[in-house]
Amino acid sequence: MKESHVPQQNISTYANNKKAIYATDENGKYHLVASTGWEVEEAVTQQALKELERLTDNARRRVLAGEVSPLYFHMYDRRMDLQVLSEATGMSKWRLKRHFKPLIFKRMSHKIRKRYADALGISLDDLGRLPGSGIALDTTKERRE
Amino acid sequence: MNNRTKPFEHGHFAHCESGVMALMMRHYGLPLSEAMAFGLSGALMFAYLPFVKLGGMPVIAYRALPKAIIKGLRKNLGLKMKMQTFSRPQQGTTALNRLLARGEIVGAQTSVFWLPYFPPEMRFHFNAHNLIIYGRENDEYLISDPVFERPVRCAVSALQKARFVKGVMAPRGLLYYPLKVPETIDYARIIPRIIRKTARKMLKTPVPIAGIRGILALSRKIGKLAGEDRRYAKLFLGHIVRMQEEIGTGGAGFRFIYASFLQEAGLLLNNKTLQETSRMMTAVGDQWREFASLSVRAIRLKKERPLDFTALQKKLADVAHAEAAVYKKLLTLKA
């Protein structure tokens, strides 16, 4: 790619950062060029971000409908999936899925809650609720086993 | 090894791991461009692993495994590197602080998601990011992250979290720094050997999912996307392009940086074949970028319009064959 062809499209997904691209000058010599982004890259990053958003919105709806526990929402909200959260907590996928059940989530021990909160990087209080919903879905969070 | 007389200098590069190694070598008196660091490590690669899924998508890599650049350079340049992992986060932080107090600059592997200085648009769960920590001021580390234009800062606790995230390619707090850097390198001896090895690896892999065969396998997979769910098919195409461009490859999935390396090597050794293959590789990189453009055009097609997977499959197969020609030419180099 020629230096003059390096896209400088100020893409949103760079958030005002620049990435270094290798390109050739008029003599064919390679240089590093700081690029404000290529719309092709922006399109695929946005596609990935939108997919994460779709999963998070879907999770929020399901929590509000009482189908799943807030943990399910927080997993997607932190851009994780079953595999990533399972590895981050060291708990099996099967166990995670069990904790997605609202009743079982409510009975979860303090120790397990702490493991989730740490892996997700949120507080114990936040683990039990949806942000911005004003609804405390988890009234038993003070209970210790 | 340390170099107190010389303040550390940050540099903005295409890729994290090659950038870190270039900066580190430069700091210790061995001038090495990022392109040379990348090329000399022999880490150029292609792999399509349909059975290893990350975030629901198969692994598609344009370079060898994480740490391959560090280890490749260690071997090919004869560096002595200290590489250390830790079982407890607190130990890892203590060790880092001790090294910094001694005046070392220290390479570290981290997660991307947990680094607060990354903008939200770039924060994904990828655990094999690399950066240099070159100092500490109170509760903050001074960090040279080569994919950022300027040095950044990061809270001590945040870096600890990013270094000790668990999961695929978990960094386990990896720290690395050179113990001994050679003063001169016999480039005429090592360059042809390293390049031939890379070319052989790309052309003659025993497995059908690596090297040129890997690119062709991915191309065939694209042809089969016609039978898949439309949303998945589009995400799959987007995933390829992200691995090629988004993760910091210098453009075209490291093909431009490799072309730059071939050019620099060609000048150094005054070798016409290297110069010519550099131009060929640049053309291959341009084709990879065209493939990315076509993929995004397909992703953007509205609901009813059919996606032409056959055209994409063919385009990628063409790229594979053009790239194979570069490696065949490189194999004619005399070692």
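Every chain is numbered from 1 and lettered A, B, ... according to where its sequence line falls, protein lines coming before strand lines.
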Could you check which of [options] has the highest count of heavy-atom pairs closer than 4.5 Å to chain A?
{"options": "B:Ser278, B:Pro146, B:Pro120", "value": "B:Pro120"}
{"options": "B:Ala283, B:Ala14, B:Ser260", "value": "B:Ser260"}
{"options": "B:Glu264, B:His12, B:Arg279", "value": "B:His12"}

### Query
Salt bridge check: are B:Arg300 and A:Glu39 linked by an N-O gap of less than 4.0 Å?
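A salt bridge links B:Arg300 with A:Glu39.
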### Message
Just to verify, what does A:Lys114 make a salt bridge (charged side-chain N to carboxylate O under 4.0 Å, His left out) with, not counting sequence neighbours?
### Response
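For A:Lys114, the residues satisfying salt bridge (charged side-chain N to carboxylate O under 4.0 Å, His left out) (neighbours in sequence not counted) are A:Asp118.
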### Query
Would a distance-only check, ignoring hydrogens and angles, find a side-chain to backbone donor-acceptor pair under 3.5 Å from B:His125 to A:Asp81?
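Pair absent, no side-chain N/O of B:His125 close to backbone of A:Asp81.
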### Query
B:Gln263 side chain to A:Tyr30 main-chain N or O, any donor-acceptor pair under 3.5 Å?
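Flag set: sc B:Gln263 to bb A:Tyr30 pair under 3.5 Å.
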### Message
I need the contact set between residues 40-59 of chain A and chain B: heavy-atom distance under 4.5 Å, sorted by residue number.
### Response
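Those residues of residues 40-59 of chain A which have a heavy atom under 4.5 Å from chain B are A:Val40, A:Glu41, A:Ala43, A:Val44, A:Thr45, A:Gln47, A:Ala48, A:Leu49, A:Glu51, A:Leu52, A:Arg54.
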#### Entry: Inter-chain contacts: residues 4-24 of chain A against chain B, heavy atoms under 4.5 Å
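At a heavy-atom separation under 4.5 Å, chain B is reached by A:Pro7, A:Ser12, A:Thr13, A:Tyr14, A:Ala15, A:Asn17, A:Lys18, A:Lys19, A:Ala20, A:Ile21, A:Tyr22.
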### Message
Out of A:His31, A:Arg78, A:Met80, return the one with the most heavy atom pairs under 4.5 angstrom to chain B.
### Response
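So the answer, after comparing A:His31, A:Arg78, A:Met80, is A:Arg78.
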### Query
Are there residues of residues 286-298 of chain B that reach to under 4.5 Å of chain A by heavy atoms, and which ones?
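Within residues 286-298 of chain B, the residues that come under 4.5 Å of chain A (heavy atoms only) are B:Asp286, B:Arg289, B:Ala292, B:Ser293, B:Val296.
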Segment of [X] engaging chain A (4.5 angstrom heavy-atom cut-off):
{"X": "B:Ala259", "answer": "both"}
{"X": "B:Lys161", "answer": "side chain"}
{"X": "B:Leu235", "answer": "both"}
{"X": "B:Glu34", "answer": "both"}
{"X": "B:Ala170", "answer": "neither"}
{"X": "B:Val165", "answer": "neither"}

Straight-line distance of [X] [atom1] to [Y] [atom2], nearest 0.5 Å:
{"X": "A:Ser86", "Y": "B:Lys166", "atom1": "OG", "atom2": "NZ", "value": "11.0 Å"}
{"X": "A:Met1", "Y": "B:Phe256", "atom1": "CE", "atom2": "CZ", "value": "4.5 Å"}
{"X": "B:Ser33", "Y": "A:Leu32", "atom1": "OG", "atom2": "CG", "value": "8.5 Å"}

